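Report on the following structure.
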Amino acid sequence: MAHIVVMGAGIGGVAAALEVREGLAKQHQVTVVSELENFQFTPSNPWLAVQWRKPEELKVPLAPVFKKKKINFIPVGAKRVLPDENRLELQNGESIAYDYLVIATGPKLAFEEVPGLGPHGGHTHSVCTLQHAETASKAYEDFCKNPGPIIVGAAPGVSCFGPAYEYAMILSTDLRRRGIRDKVPMTYITSEPYVGHLGLGGVGDTKGMLESAFRDRDIKWIVNAKTTAIEPGLLKCAELDDQGQVKKEHEVPFKFAMVMPAFKGVDALMGVEGLVNPRGFVIIDKNQRNPKYRNVFGVGVCVAIPPVEATPVPTGTPKTGYMIESMVTAAAHNIAALIAGREAKEEGTWNAVCLADFGDKGVAFVAKPQIPPRNVNWSSEGRWVHLAKIAYEKYFLRKVRKGQSEPVYERYIMKLLGIERLRRALS
């Protein structure tokens with residue numbers, strides 16, 4: 001009997017547990033370890049941060065889901081991964097042994113890398129977690145009673161730009177509905193070399209589309225921005241030129257700000273030689289497998305992926321939803337193969353299908369694969385994106401409640417669109 005332990009219960013962790021369980025015989029054991037008792041649908045956090053959603057609408061209790069699928073659930077955080085011992089040390093002092101480990105922890109938010117950044121003792125808000133978005137929503141309500149300048153942006157090293165764009169647009173839409181948009185100057189300040197870069201070198205015409213969206217909404221922007229410090233009501237940044245030299249220093253006032261932080265690996269992984277890189281991200285090969293510890297797999301935001309290109313201010317590569325699900329399917333198939341005595345040879349396609357909501361319409365893009373060069377590099381905009389994002393939220397939460405990773409009809413529809421999770425072997 002093999003024991004497979006999954007660290008984390010977000011989009012990657014829940015899907016990994018379900019797919020691993022589905023691919024193995026009953027005698028094998030699957031256990032999920034997570035400090036969170038509920039699944040939280042992170043993509044809806046920008047809506048929660050303007051009170052378009054309530055926290056309870058974005059949560060799914062995990063214990064009943066896992067019990068129904070015969071998956072063990074330990075709602076305790078991991079303290080340390082001990083891969084030389086095939087063991088996971090937990091925050092409550094206990095430990096758990098494994099035959100195979102799937103790391104799907106998501107990131108640690110590196111607020112400390114910019115003085116004054118973040119909601120924990122800093123001067124900005126975040127939409128990275130449900131709790132952060134809930135805190136931001138309360139502060140936003142107070143802000144609307146006495147409005148002023150808003151800053152939305154991304155600090156140096158950020159790899160997840162989509163929520164910043166969404167939140168800036170959603171704020172603009174909400175302020176218009178409240179009739180106070182004219183009282184709120186807005187500035188988007190980002191480490192990207194241009195609007196619409198997204199850490200991906202752009203996808204299709206995202207540069208033109210997002211610049212146009214900002215102009216339509218009267219949102220100013222500063223790109224190549226190295227944010228150096230945030231003081232109460234003031235963001236300081238250096239705008240760099242294409243050679244990385246300081247072009248202009250900015251001090252931008254604000255009354256409300258949401259700035260995305262850079263990510264790094266969680267404390268339980270940090271410094272484990274051969275398992276993670278210097279920032280704590282899990283090192284993987286093309287089969288989602290760690291090169292040193294061959295019974296350890298990594299999926300999701302916690303894995304190490306190099307930037308798609310060098311930029312004047314450091315930017316990372318995002319790990320988007322469908323890309324993560326692709327990683328999960330490859331890892332689950334490979335674990336099943338190893339247990340059966342076969343070779344682990346499956347590779348995820350790492351295709352990206354993204355919906356960025358603006359509160360009234362939005363931008364969608366497909367990148368096949370997400371990392372260039374690409375077979376498909378497409379983007380589009382319209383009200384249909386807003387409606388599709390709402391439908392996707394409801395569909396994904398239903399999937400989790402039902403304990404499904406990829407229903408047959410989803411697989412069929414995506415295949416019709418030419419989007420699949422696993423790479424086809426070249427003949």
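All values reported here derive from a predicted model rather than from experimental measurement.
Taking a cutoff of 4.0 Å between a charged side-chain nitrogen and a carboxylate oxygen, E346 and K286 do not qualify as a salt bridge. The existence of a salt bridge linking E113 and R279 is confirmed by a sub-4.0 Å separation between a basic side-chain nitrogen and an acidic carboxylate oxygen. Classification of K108 and D267 as a salt-bridged pair holds, one side-chain N sitting under 4.0 Å from a carboxylate O. Contact check on R80 versus E89 returns no salt bridge, with no Lys/Arg side-chain nitrogen under 4.0 Å from an Asp/Glu carboxylate oxygen.
The local environment of CD in E22 is sparse, with at most 12 non-hydrogen atoms from other residues, nucleotides or ligands closer than 6.0 Å. By the neighbour-count criterion of 12 heavy atoms within 6.0 Å, atom CD of E273 is sparsely surrounded, having that number or fewer from other residues, nucleotides or ligands. Environment of NZ in K292: crowded, with over 12 heavy atoms of neighbouring residues, nucleotides or ligands closer than 6.0 Å. Within a 6.0 Å radius of CD in E35, other residues, nucleotides and ligands contribute 12 heavy atoms or fewer. Annotation for E37: atom CD does not count as buried by contact number, only 12 or fewer foreign heavy atoms lying within 6.0 Å. The 12-atom threshold is not exceeded at NZ of K402, counting heavy atoms of other residues, nucleotides or ligands nearer than 6.0 Å.
Geometric assessment of K389 against the ring of W47 yields a positive cation-pi assignment under the 6.0 Å and 45° thresholds.
Side chain of N334 to backbone of K345: a donor-acceptor contact under 3.5 angstrom is found. Distance alone, capped at 3.5 Å, places no donor-acceptor pair between the N377 side chain and the V203 backbone. Without hydrogens or angle criteria, D205 side chain to S379 main chain gives no donor-acceptor distance under 3.5 Å. In this structure, the side chain of S212 does not engage the main chain of G208 through any donor-acceptor pair within 3.5 Å. Between the side chain of N290 and the main chain of G274, a donor-acceptor pair closer than 3.5 Å is present. Between the E192 side chain and the A225 main chain, no donor and acceptor come within less than 3.5 Å of each other. At distances below 3.5 Å, not a single donor-acceptor pair connects side-chain atoms of R87 with backbone N or O atoms of P83. T329 places a side-chain N or O within donor-acceptor distance of the main-chain N or O of E325, the cut-off being under 3.5 Å. Counting only distance, with no hydrogens or angles, the side chain of R21 and the backbone of A25 share a donor-acceptor pair below 3.5 Å. T228 contributes a side-chain N or O that, together with a main-chain N or O of K236, makes up a donor-acceptor pair within less than 3.5 Å.
Put simply, CE on M323 and CD on Q370 are 4.5 Å apart, with the number rounded to the nearest 0.5 Å. Separating the CG atom in L130 from the CD atom in E57 is a distance of 11.0 Å, to the nearest 0.5 Å. Expressed to the nearest 0.5 Å, how far NZ of K247 lies from CG of L240 amounts to 10.0 Å.
Minimum heavy-atom separation, L24 to A336: CD2-CA, 3.8 Å. Of all heavy-atom pairs spanning A352 and T320, the tightest one is CB-OG1, 3.6 Å. Scanning both residues, S126 and C128, for their nearest heavy atoms gives OG-N, 2.9 Å. P163 and V127 get closest at one heavy-atom pair: CB-CG2, 4.0 Å. The minimum heavy-atom distance linking R421 with S405 is given by the pair NH2-O, 3.4 Å. Closest approach of G13 and V6 over heavy atoms only: O-CG1, 3.6 Å.
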Q: Take N45 and Y167 through the side chain to side chain donor-acceptor pair (under 3.5 Å) test and state the conclusion after the steps.
A: CA-CA 9 Å; N45 284 350; Y167 193 49; over 6 Å; no

Q: Give the intermediate values and the outcome of side chain to side chain donor-acceptor pair (under 3.5 Å) for residues Q40 and T129.
A: CA-CA 8 Å; Q40 300 178 1; T129 70; 6.0 Å; no

Q: Would you sort out whether Y293 and N86 count as a side chain to side chain donor-acceptor pair (under 3.5 Å), showing the intermediate values?
A: CA-CA 9 Å; Y293 300 102; N86 294 326; over 6 Å; no

Q) When you look at S172 and R217, which way does the side chain to side chain donor-acceptor pair (under 3.5 Å) test go after all the steps? A) CA-CA 7 Å; S172 179; R217 290 163 178 77; 4.9 Å; no

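For D174 and Y140, the side-chain atoms include at least one donor-acceptor pair closer than 3.5 Å.
In this structure E381 satisfies the side chain to side chain contact (heavy atoms under 4.5 Å, CB included) test together with M209, V363, sequence neighbours excluded.
With ring centers used as reference points, F214 lies under 6.0 Å from Y165. The ring of F358 has its center no closer than 6.0 angstrom to the ring center of H386.
Side-chain contact between F39 and P61 is absent, with no heavy-atom pair separated by less than 4.5 Å. In this structure the side chain of N224 reaches within 4.5 angstrom of the side chain of P312, judged on heavy atoms. In this structure, M258 and I151 have side chains that are not in contact, with every pair of non-hydrogen atoms separated by 4.5 Å or more. Counting heavy atoms from C-beta outward, L269 and T105 have side chains that approach closer than 4.5 Å. Counting heavy atoms from C-beta outward, V296 and R289 have side chains that stay 4.5 Å or more apart. Two residues are said to be in side-chain contact when any heavy atoms from C-beta on lie closer than 4.5 Å; H3 and I96 meet this criterion. You'll find the side chain of N38 stays beyond 4.5 Å of the side chain of L62, heavy atoms only. Residues K368 and I419 are in side-chain contact: their nearest non-hydrogen atoms beyond the backbone lie under 4.5 Å apart.
Ring geometry for F111 versus H120: interplanar angle over 60°, hence perpendicular rather than tilted (30 to 60°). In this pair, H197 and Y194 present their aromatic rings perpendicular. The plane angle is above 60°, beyond the 30 to 60° band.
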